[in-house]
Each structure stands twice: as C-alpha cells, then as structure tokens.
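Read through the structure below, which is laid out as structure tokens, and then see the notes.
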Amino acid sequence: MMKSNKWLQLSHKAALIAALVLPATAGAAAANQPVAVLAKEAASASAEAEYGSFLLQQYGISLDKAVTRGQFSQALAKVVAATQSITEKEASAKAYVPEAQAQATKIAAWEAISAAVKAADLSELAYTYSEDKVAASLKVAASLKAAGISYQKGGALSLQAAQEVAVALDTGLVSASTLAAIKADGDTTGELAVQLLGKVVEFHGDYKNYLGSVQEADIYGKLAQAWSESSIIKAGELQQIIDTGLKQNLITGYNLKDAAFDPHFDPERTITYGHSDIAHAIQLIGLLKSEGIDAKVQFEPKTSAFIYLKEWGEPTESDDYQVVQIENGNFIAYAKEYDLSFEFASKEEKERFQPLVLKYAKRNQEDVTGLLKASWWQPLYHSRTELADYPIITNNVIKEGRYIVQSFSLNEESPKVVAGLKKLSDKLNVETYKFWVDQPFYNYLHGESK
C-alpha cells in the first residue's frame with residue numbers, strides 16, 4: 001500500500017471514488033436478490049454476530065459503528081498479541097495500521113483491509129497478484145465484481161492496496177457483501193472491522209475449534225476418528241509433581257488436557273460433558289439429534305489420573321489404561337477419557353440438555369434398559385455460567401505450556417487443595433474458578449455413591 005504523506009493527505013472519499021467503483025443502487029439491488037443470495041447474506045449476518053460475541057468474550061473488544069483509526073489499531077494489536085503469544089506492545093510495534101496524528105479520525109476501508117491482510121499472514125500471496133490479475137483475472141475479477149468494485153489501472157488506489165483488497169476477497173478475509181455495503185466515502189464500519197478481526201483470529205487457528213455439529217451426518221465418523229487418534233496424555237515433570245500430590249492425598253484425582261483442543265465456545269451457550277466410552281458419546285449425540293437439538297461439538301482428549309487401591313485386585317493395563325505402582329502398594333491409574341463440549345444455538349437449548357441426560361444417561365440401578373451405553377451412576381457435565389438446579393463447585397487449575405491440569409473440589413475444600421499444590425513446587429501457579437456442575441457429580445464429591 002502507498003504510504004507517502006501525499007497519499008495520506010488525500011481524503012478517503014477521493015481515494016476510493018477514484019479507484020473503487022461502488023454501485024449507487026446497492027440497497028435497491030439487494031431487494032431483488034434471489035432466495036439463495038438472501039440466505040447467504042443471513043448466514044453472513046449470523047457469522048458476524050458470532051465474531052462480535054467472540055471478540056468481546058475472548059479479548060474484551062467492542063467497536064463502535066463508526067470505527068476510528070485508534071480503535072481498530074488497538075483491537076488488532078490485542079488480536080495479534082493473543083494469536084501470536086506476544087505482548088500488545090510488541091504487536092503494536094508491527095505497525096499494521098500506519099500511525100497518523102489523529103487517532104480519533106476514521107480509518108479507510110482499504111487501510112483496515114491492508115492491516116488485516118498483513119496480520120493474517122497473507123501479504124506474500126497478495127503481492128503475487130500481477131496488475132493484470134488484479135484487474136482482469138476471472139477469479140479476482142469475479143470477486144471484485146461481486147463486491148461491486150473494480151480496479152482502475154493508474155487510479156488513486158495503489159497497486160499494493162488493490163492487491164490486498166483482492167486477496168482479502170479471494171480468501172474470504174472480507175466478504176463481498178460487506179465491502180459492497182460500505183458507503184462511498186469508504187470509512188471502515190463496525191461490521192467490516194469485526195469481520196476482519198474475526199478472520200485474523202480464524203486464520204491463526206484461534207477461533208472456535210470444533211469437529212462439526214450434532215445435525216451433520218458425518219459427525220459420528222469424525223468423533224470416532226478423533227477418539228482413535230487420541231492417546232493418554234503425558235506431561236513430563238509437571239505430571240510428576242501433581243502425582244506427588246496424589247500420593248500425599250492432597251487431591252483424590254485430576255484431569256490432564258491439551259489446550260490445543262480448547263473450543264473457544266461461548267460459555268453462555270456451552271456445556272462440557274466428560275466420559276470414557278466413545279460409543280456413549282456417539283449415542284449421546286444421536287439422542288440430541290433425535291430430540292431436534294443442534295450444537296457445535298468439540299472433542300477434547302483427556303487423561304484422568306486417580307489412586308487405584310491394591311485391594312481392588314491386579315489392574316489390567318492397555319493402551320487406554322495404564323498404572324504405576326507407588327510406595328504403599330497402591331497404584332496411580334491413568335485412563336484415556338474425553339470431554340465433549342457442546343455450544344448450543346441458544347440458552348434455552350442448553351437448558352434442555354440436563355433433563356435428557358438424567359432420563360437417558362444416568363444409571364440408578366444395576367440392570368436397566370432404556371439408557372445409553374455405559375451410562376454412569378454419576379455423570380459429569382458442567383457449565384461456566386449459572387444454570388438452575390446445578391450446584392457450584394471449584395476447579396483448581398494449573399497451566400504449563402499447552403498442558404492443563406484440573407482438579408475439581410467442593411468450594412470449601414479449594415483453599416486447602418491450592419495450598420497443598422503450591423507446596424509441591426514453587427513453579428506451580430494454581431488458578432481457581434467456580435463453575436456449575438450436575439447434582440449427581442456434586443453428590444459424588446460429598447462421598448455419595450449414587
């Protein structure tokens with residue numbers, strides 16, 4: 001993109017009118033769109049709402065309808081810092097948005113797109129576009145035409161800026177409909193900014209992470225494949241330290257997870273369900289589908305570690321269940337398990353989950369039909385936000401790199417757990433948060449067997 005002072009002094013309106021030709025009757029044209037186009041636009045609007053919600057929850061980013069240069073620059077720095085694991089100061093130093101004296105002024109659409117292209121690591125691809133390809137290539141021309149935009153050779157918009165706009169359209173970093181809806185002055189709207197920021201997150205793999213949805217026909221195969229590809233998680237020195245806590249009875253057990261599988265779902269609409277039998281998971285999804293419930297589904301590999309008492313008999317090991325004998329003759333058992341995170345379409349759909357589990361996935365007697373395979377006496381599912389009839393407990397969490405150690409406890413037991421874990425090593429940083437769990441598991445924490 002051209003960065004000379006002369007260029008920056010041009011008004012946004014003059015620059016874009018000279019180089020980007022926008023249809024004067026975009027609103028009227030939309031009224032005559034076929035059903036398929038309108039459906040696509042509705043889906044796009046839904047996606048923008050998802051991006052906006054995600055940016056607010058994950059990064060605290062909320063943008064005005066009319067976005068200023070300073071707002072967009074700061075928001076992009078937050079996103080880049082998070083996706084690249086650097087500080088916001090380091091992200092700002094990358095200068096994706098060229099500095100201007102008036103940070104409160106509006107930012108041109110092409111400038112925001114240019115910054116997003118660089119932040120999404122698409123620059124090299126953009127600069128392979130020849131002037132002929134930008135102007136005449138069927139692929140690029142089709143994208144530009146769909147947006148109601150055409151590049152004029154020698155116009156006020158530099159070739160570099162045109163290349164960045166073209167690659168943003170071709171890769172989906174910006175949608176044609178969003179760009180076409182921008183007014184002739186070319187100022188970046190909140191809709192465009194949210195879309196660009198969300199896409200930057202997505203291109204770096206930090207957006208919502210999931211296998212598919214309940215209603216998709218191939219979700220069962222995807223789930224079975226994810227299970228077969230997972231294995232017992234081992235976390236080296238961190239795990240050795242936590243195992244010491246098990247030996248000392250500081251905790252009765254813990255879960256080990258890999259942060260790379262975090263779904264980044266909306267907590268208001270999410271429930272996480274834990275189990276160890278993949279057939280149970282497949283049947284649970286089938287149950288939800290049969291009840292007309294849809295939700296995004298993420299498979300999160302998990303290893304459950306606990307004390308196996310010697311009086312239970314000689315343990316049988318397998319690839320999915322391993323034990324290590326400890327000094328007192330007992331064992332530490334490591335079992336391959338999983339969490340399924342469900343992001344429902346609404347809070348109301350989320351509330352429908354528990355009645356189905358209690359009716360079809362909770363064992364109340366030894367021999368019973370009408371339950372999902374391998375249903376537990378105390379099923380385990382939880383929410384990060386409040387739900388009626390869900391008691392509150394505490395998660396005691398240790399994070400190191402991509403590993404996450406979790407040990408659930410009653411709220412009143414948490415300070416003792418945290419203090420004990422911290423004594424194991426001065427390297428451990430123990431965090432806690434309260435969350436809502438099903439009543440049967442809460443009863444289990446109280447020592448009840450059913």
Side-chain angles (χ1 to χ4, degrees), residues 1-3 44 47-48 50-52 54-55 57-61 63 67 69-100 107-131 133-134 137 139-140 142-144 146-147 149 151 157-176 178-179 188-189 191-210 258-264 401-402:
M1 178 176 298
M2 190 178 295
K3 298 181 181 179
S44 177
E48 297 317 309
E50 290 282 324
Y51 281 141
F54 179 87
L55 291 169
Q57 292 159 6
Q58 298 292 325
Y59 311 116
I61 293 174
L63 298 172
V67 182
R69 174 180 295 274
Q71 283 179 330
F72 187 77
S73 179
Q74 185 178 25
L76 187 61
K78 281 188 177 182
V79 165
V80 171
T83 58
Q84 297 185 14
S85 300
I86 58 177
T87 67
E88 287 188 36
K89 184 176 181 180
E90 290 171 324
S92 296
K94 293 178 179 290
Y96 295 125
V97 179
E99 291 186 8
I107 180 171
W110 67 262
E111 285 191 278
I113 292 170
S114 170
V117 164
K118 294 179 176 70
D121 280 338
L122 294 174
S123 298
E124 290 78 10
L125 173 61
Y127 306 148
T128 67
Y129 282 41
S130 66
E131 205 162 339
K133 183 173 181 179
V134 171
S137 162
K139 178 181 179 183
V140 177
S143 295
L144 295 173
I149 299 169
Y151 171 67
L157 191 66
S158 69
L159 173 61
Q160 181 175 332
Q163 289 171 317
E164 290 160 347
V165 171
V167 83
L169 284 160
D170 287 348
T171 59
L173 189 70
V174 63
S175 70
T178 299
L179 195 53
T188 297
T189 61
E191 179 185 5
L192 174 60
V194 164
Q195 184 176 122
L196 292 172
L197 294 169
K199 285 294 184 180
V200 169
V201 175
E202 190 174 303
F203 273 53
H204 284 290
D206 279 6
Y207 189 55
K208 294 184 180 182
N209 183 19
Y210 57 98
D258 185 339
F261 293 89
D262 189 325
H264 305 299
R402 60 189 291 172

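Two residues are said to be in side-chain contact when any heavy atoms from C-beta on lie closer than 4.5 Å; K118 and K94 fail this criterion. Residues V174 and K199 fail the side-chain proximity criterion, which asks for heavy atoms closer than 4.5 Å.
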Task: Residues L192, V67; criterion side-chain contact (heavy atoms from CB on, under 4.5 Å); working and verdict - done: CA-CA 9 Å; L192 174 60; V67 182; over 6 Å; no

TODO: I would like to know whether F203 and D121 meet side-chain contact (heavy atoms from CB on, under 4.5 Å); could you show each step before the answer?
DONE: CA-CA 8 Å; F203 273 53; D121 280 338; over 6 Å; no

- [ ] Applying side-chain contact (heavy atoms from CB on, under 4.5 Å), run through L125 and D170 and close with a yes or a no.
- [x] CA-CA 11 Å; L125 173 61; D170 287 348; over 6 Å; no

- [ ] Check the pair T188, R69 against side-chain contact (heavy atoms from CB on, under 4.5 Å), reporting the backbone distance first and the verdict last.
- [x] CA-CA 9 Å; T188 297; R69 174 180 295 274; over 6 Å; no

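Checked against side chain to side chain donor-acceptor pair (under 3.5 Å), Y207 has no partners two or more places apart in sequence or in another chain. A116 is linked by a side-chain contact (heavy atoms from CB on, under 4.5 Å) to L173, L196, V200, counting only residues two or more places apart in sequence or in another chain. Judged as a side chain to side chain donor-acceptor pair (under 3.5 Å), and not counting sequence neighbours, the contacts of D258 are R402. In this structure D206 satisfies the salt bridge (Lys or Arg N to Asp or Glu O under 4.0 Å) test with no other residue, sequence neighbours excluded. Considering only residues two or more places apart in sequence or on other chains, A81 meets the side-chain contact (heavy atoms from CB on, under 4.5 Å) condition with I86, E88, A91.
In this structure, CD in Q163 is found 8.0 Å from OG in S158, a value given to the nearest 0.5 Å. For the atom pair OG (S175) and CD (E191), the distance works out to 6.5 Å, reported to the nearest 0.5 Å. Atom CD1 of I61 sits about 11.0 Å away from atom CD of Q71, to the nearest 0.5 Å. With rounding to the nearest 0.5 Å, the separation of CD in E202 from CG in L197 is 12.5 Å. Summarising the geometry, atom CG belonging to L159 is positioned 8.5 Å from atom OG belonging to S130; distances are rounded to the nearest 0.5 Å. Interatomic distance, CG of L122 versus CD1 of I113, reported as 12.5 Å (0.5 Å rounding).
In this structure, I107 and A112 approach most closely via the heavy-atom pair CD1-N, 4.0 Å. Here the closest non-hydrogen pair linking Y51 and G198 is CD2-CA, 3.6 Å. The two atoms that bring F72 and A193 nearest to each other are CD1-CB, 3.8 Å, heavy atoms only.
When atom types are taken as modelled, the side chain of H204 and the backbone of V80 share no donor-acceptor pair closer than 3.5 angstrom. Distance alone, capped at 3.5 Å, places no donor-acceptor pair between the N209 side chain and the H264 backbone.
Annotation: side-chain hydrogen bond (donor to acceptor under 3.5 Å, both in side chains) contacts involving residues 73-87, sequence neighbours excluded, comprise T87-E90.
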